[in-house]
J.: 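My structure is below; once you've seen it, I'll send some questions.
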Amino acid sequence: MNRNHVALCVISSLCCILSIFLFGCGEEIHPEESLATEKVSLAGTDNTTTTVTETTTTLTTIDWSFQTTEQNNGVLIQNVPHYTQFTSYKTACESLATVAMLRYFGIDMTPDEFLDGFLPIADYPQNGKDNQLHAESPWEYFIGDPMREDAFGCYNGAIVRALDKIKTGLGIALNNQSLDKICKNYIDKGQPVVLWATMYMANAKESFTWILPNDEEYTFITPEHALLLVGYDEKNYYFSDSLQYGETYGYRKDAVEKAYDAMSKQAVAIDQEVLACIPEFWKIPENEENEED
């Protein structure tokens, strides 16, 4: 090792330490230490994964707008990964959309890794002594088994919790925002967003009702679905939809807005400042950037 190399290593180490104080790049889970899914019983036992602290460096925030193209007075984001739920991932739409978003932003994650080590999962609703169904909240957990067709699903709070295991604050819960605002703040800037709607934009309806741990009554809305919003134009919103084989699929704007409203107007975006603090070990290796599972 020559003197120049030693000097660079010392400077790099000092920058890493300084970045922690300035930017708060705190706890995250190393991929190799995050393969134990957080699962809970209806009694509330929480078997959480162990977090580790890594020294990180600050990175220049990427301008993702180079990935966008104009389309019929709208925008379409290019090169977005696409996964389908027609094989093992029967009801894992939220996770597949999230993994597609993570990989688009250069984070090395697979659906299996996300499901096994990051998604918080809780049991199916079960009868209690009061002869009523009891279960956790889908805002906090995925309810059921995402590899089975009879699972319920989860909402944006559960996905944000999963993303926090990569880096605290990485996921932003977007609640009660108009689709126009989401497109302006994210899609126009080349940043795809996980959006909650219904399967094929079908009419929403109430399904099972259960009692939450706080004794509140909750009714699940079906057919719940999450997709990755990647574009829009005068007539349609465009998605990477795990229920479609094509990499980009358009649904009429009025149908999407109705389904989005029925699912409580929720979405998840990536915080670009936190993304800039992601440690190197999370990055997709250069020789794998163009490879998808």
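Count residues from 1 along the sequence. Because only heavy atoms are used, hydrogens play no part in the values below, and waters and symmetry mates are left out as well, while side chains stay in.
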J.: Is the Tyr218 ring parallel, tilted or perpendicular to the Phe220 ring (thresholds 30°, 60°)?
T.: perpendicular
J.: Could you give the distance from CD1 (Ile182) to CG (Leu195), rounded to the nearest 0.5 Å?
T.: 5.5 Å
J.: Do Gln244 and Tyr251 have side-chain N/O donor and acceptor atoms under 3.5 Å apart?
T.: yes
J.: Using modelled atom types and a 3.5 Å cut-off, is there a donor and acceptor pairing between side-chain atoms of Asn72 and backbone atoms of Gly74?
T.: no
J.: Just checking, any donor-acceptor pair under 3.5 angstrom between side chains of Asp241 and His225?
T.: yes
J.: Side chains of Gln71 and Tyr238 only: does a donor on one sit below 3.5 Å from an acceptor on the other?
T.: yes
J.: At what distance, to the nearest 0.5 angstrom, does CD1 of Ile62 lie from CD of Gln191?
T.: 10.5 Å
J.: Side chains of Tyr249 and Asn236 only: does a donor on one sit below 3.5 Å from an acceptor on the other?
T.: no
J.: Less than 4.5 Å apart, side chain to side chain, heavy atoms only: is that true for Thr209 and Gln132?
T.: no
J.: Do the side chains of Asp63 and Lys189 get close enough for a salt bridge, i.e. N-O under 4.0 angstrom?
T.: no
J.: Rounded to the nearest 0.5 Å, what separates atom CE in Met101 from atom CE in Met109?
T.: 11.0 Å
J.: Under 4.5 Å between any side-chain heavy atoms of Lys265 and Gln177, yes or no?
T.: no
J.: Please check if any side-chain donor atom of Glu234 sits under 3.5 Å from a side-chain acceptor atom of Asn73, or the reverse.
T.: yes
J.: Considering the options Tyr124, Phe152, Phe208, Tyr155, which one meets the side-chain contact (heavy atoms from CB on, under 4.5 Å) requirement together with Ile143?
T.: Phe152
J.: Nearest 0.5 Å, please: how far is CG in Leu170 from CD in Glu273?
T.: 12.5 Å
J.: Say whether Gln126 and Trp210, considering side chains only, have a donor N or O and an acceptor N or O under 3.5 Å apart.
T.: no
J.: What's the separation between atom CG in Asn156 and atom OG in Ser264, rounded to the nearest 0.5 Å?
T.: 9.0 Å
J.: Counting only N and O atoms by type, is there a donor-acceptor contact under 3.5 Å from the side chain of Lys90 to the main-chain atoms of Thr87?
T.: yes
J.: Can you measure from SG (Cys183) to OH (Tyr237) and round to the nearest 0.5 angstrom?
T.: 5.0 Å
J.: So which pairs with a foot in residues 141-158 pass salt bridge (charged side-chain N to carboxylate O under 4.0 Å, His left out), sequence neighbours left out?
T.: Arg148-Asp150
J.: Above 12 or not: heavy atoms from other molecules or residues under 6.0 Å from CD of Gln272?
T.: yes
J.: Does Cys154 reach the side chain of Ile159, with side-chain heavy atoms less than 4.5 Å apart?
T.: yes
J.: What about Ile166 and Ile172, same hydrophobic cluster or not, with Ile/Leu/Val/Met/Phe/Trp/Tyr joined at side-chain heavy-atom distances under 4.5 Å?
T.: yes
